[in-house]
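Before any comments, here is the structure.
Sequence lines set the chain letters: A, B, ... in the order given, protein chains first and strands last, and positions in each chain run from 1.
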Number of protein chains: 2
Amino acid sequence: MPAFAEHRRSPPVLKQIRPGMEASRNAVRKLEGRCREAGVKMTDLRRVMLHGILAAGAGATAIGIWKTLGLMTDGHPPSLGSIQRNLNLLVARDILCRDVAPDRLWHYSIAPERRGRLAVTFVEAGTGRKIRCRMPEVAALLRRVAAEHGLAVQAAAITVTSGTGR
Amino acid sequence: MPAFAEHRRSPPVLKQIRPGMEASRNAVRKLEGRCREAGVKMTDLRRVMLHGILAAGAGATAIGIWKTLGLMTDGHPPSLGSIQRNLNLLVARDILCRDVAPDRLWHYSIAPERRGRLAVTFVEAGTGRKIRCRMPEVAALLRRVAAEHGLAVQAAAITVTSGTGR
DNA sequence: ATAATTGCAAATCGTTTGCCCGCAT
DNA sequence: ATGCGGGCAAACGATTTGCAATTAT
């Protein structure tokens, strides 16, 4: 048995981080929502990462976030590798954005929220009549599957026929 | 004796590179002048690097320049480490400029030439009378020593007294 | 049972640095 | 004799990736 047994996948400390947690609770909740919309399942690690990202501030580096989490978790931050992996995921899913500074490191920030609703339009086959609807569920799903292919939906036109479909 | 003896400091091949060398001869000459002005002694390696930098084109990476030199020297490019070192030198002396692209690599280009002559002004102590002169030698020296400290001279005012100085 | 997620450690890759040798001053 | 310039290889640091163990579905 190794000197430091007691290995768990997510040490309990990740479930309750202390300093300044209250301050960003709302922001984290909002980000959790965006994650869900983008098809990113929420896990203990990811939730704690969201806290760390907010606490570290806009433009923080991966290691900066990692160190911040080190403070917030009494010296038991998540693995740096896992952080990097999830940062990449969040960037791919448009939750975060990142760019290079003159120091040649990635700098992460919360991506500006997708502005404007997605216009989903029904186009009646034959007549060509257009029916625009507000369908947040459909929009979210389209965005998610598009994001999984690294794409961003701009608009959607669904061709339909009246009646029960043949 | 190692399998590949015949080591020299600068393989003779560096002294005569072939493809497209004519094209950039003038440009290289100009750059050599800027190097001299900046206090960068010209060496075989540096001269061949200037050819490579020009051949590789603006925005090339260090490794791109190195590979380009590999082609220009029949597979015997200068050491990559030396190239990096001299690129740093040329950047510090304002011959080259570099910035980071989204790929997080340095991209090198010829720095825009220092426009406008440096205004060196003599200010007569006591009277405050100003005498502006064109003194390219002084300007070059000032720029060089400033560059050695990572600075760029904008103007120079030399306080003087008339006569033989006391 | 199968797929997803994490920690850990090794691999990557451009860049930097230390050391030694050769040539010039 | 001194010192600068260059080759070479090791060091570095952020990021990526492979693997095995654990958890969720």
Side-chain angles (χ1 to χ4, degrees), chain A residues 1-15 35 39-49 60-67 69-70 73 75-93 96 98-108 148, chain B residues 1-15 35 39-49 52 60-67 69-70 73 76-93 96 98-108 148:
Chain A
M1 180 194 301
F4 31 90
E6 179 75 19
H7 277 291
R8 302 195 187 130
R9 203 147 71 91
S10 294
V13 66
L14 291 194
K15 297 211 171 187
C35 286
V40 176
K41 274 188 302 188
M42 195 45 51
T43 66
D44 288 348
L45 172 71
R46 287 172 187 163
R47 192 175 353 261
V48 99
M49 274 185 62
T61 67
I63 296 199
I65 295 169
W66 180 62
K67 286 182 180 169
L69 285 177
T73 59
H76 289 284
S79 149
L80 180 54
S82 297
I83 290 186
Q84 301 266 28
R85 226 187 320 237
N86 279 293
L87 285 175
N88 288 342
L89 176 66
L90 293 179
V91 168
R93 296 302 175 80
L96 297 181
R98 72 176 174 195
D99 17 38
V100 279
D103 56 7
R104 298 187 308 123
L105 305 183
W106 288 123
H107 289 252
Y108 295 88
E148 282 165 8
Chain B
M1 184 192 299
F4 31 90
E6 180 74 20
H7 276 292
R8 305 200 184 123
R9 202 147 71 92
S10 292
V13 65
L14 290 193
K15 297 212 174 188
C35 285
V40 176
K41 273 188 299 189
M42 195 44 52
T43 65
D44 289 349
L45 172 69
R46 286 171 187 164
R47 193 177 351 263
V48 100
M49 274 185 61
T61 66
I63 297 198
I65 295 169
W66 179 64
K67 286 182 180 168
L69 285 177
T73 58
H76 289 286
S79 149
L80 180 53
S82 297
I83 290 186
Q84 302 265 28
R85 229 191 313 243
N86 278 294
L87 285 175
N88 288 342
L89 177 66
L90 294 179
V91 168
R93 296 303 174 81
L96 298 181
R98 73 177 174 193
D99 19 38
V100 279
D103 57 6
R104 301 191 358 250
L105 304 184
W106 289 123
H107 289 253
Y108 295 88
E148 283 165 8

**Study point:** Whole-Å distance separating the CZ atom of A/Arg47 from the C1' atom of C/dT6
**Key:** 15 Å

Practice item. Can you sort out the partners of A/Asp99 under side chain to side chain donor-acceptor pair (under 3.5 Å), two or more places apart, ordered by chain and number? Key: none

Exercise for review: Could you tell me whether the phosphate oxygens of D/dG6, OP1 or OP2, come under 4.0 Å of any side-chain nitrogen or oxygen in B/Asn86?
Suggested key: yes

Revision key, fill the gap. Rounded to whole Å, CD1 of B/Ile83 lies from C1' of C/dT15 at a distance of 13 Å

Revision key, fill the gap. Output for pair (A/Arg93 CZ, A/Asn88 CG), nearest 0.5 Å, gives 12.0 Å

Check your understanding: B/Met42 has an atom CE; how far is it from atom P of C/dA24, in whole Å?
Key -> 17 Å

Check your understanding: Which residues satisfy the side-chain contact (heavy atoms from CB on, under 4.5 Å) test with A/Leu105, sequence neighbours excluded?
Key -> A/Thr61, A/Asp103, A/His107

Point to revise | A/Lys41 side, atom NZ; A/Thr43 side, atom OG1 - distance, nearest 0.5 Å | key: 9.0 Å

Point to revise | Spacing of CG belonging to A/Leu80 relative to CD1 belonging to A/Ile65, to within rounding of 0.5 Å | key: 10.5 Å

Exercise for review: Please state how far atom CG in A/Leu45 lies from atom C1' in C/dG7, giving the value in whole angstrom units.
Suggested key: 10 Å

Check your understanding: Between atom CG in B/Leu89 and atom C1' in D/dC4, what is the gap in whole Å?
Key -> 12 Å

Review point. Got a sec, which residues hit side-chain contact (heavy atoms from CB on, under 4.5 Å) with A/Arg104, two or more places apart in sequence or on another chain?
Key: B/Val100, B/Trp106

Review point. What is the distance, rounded to the nearest whole Å, between atom CG of A/Leu69 and atom P of C/dT6?
Key: 13 Å

N/O to N/O distances under 3.5 Å, protein versus nucleotides 12-17 of chain D:
{"unit_1": "D/dT15", "atom_1": "OP1", "unit_2": "A/Trp106", "atom_2": "N", "d": "3.2"}
{"unit_1": "D/dT15", "atom_1": "OP2", "unit_2": "A/Gln84", "atom_2": "NE2", "d": "3.2"}
{"unit_1": "D/dT16", "atom_1": "OP2", "unit_2": "A/Asn88", "atom_2": "ND2", "d": "3.0"}

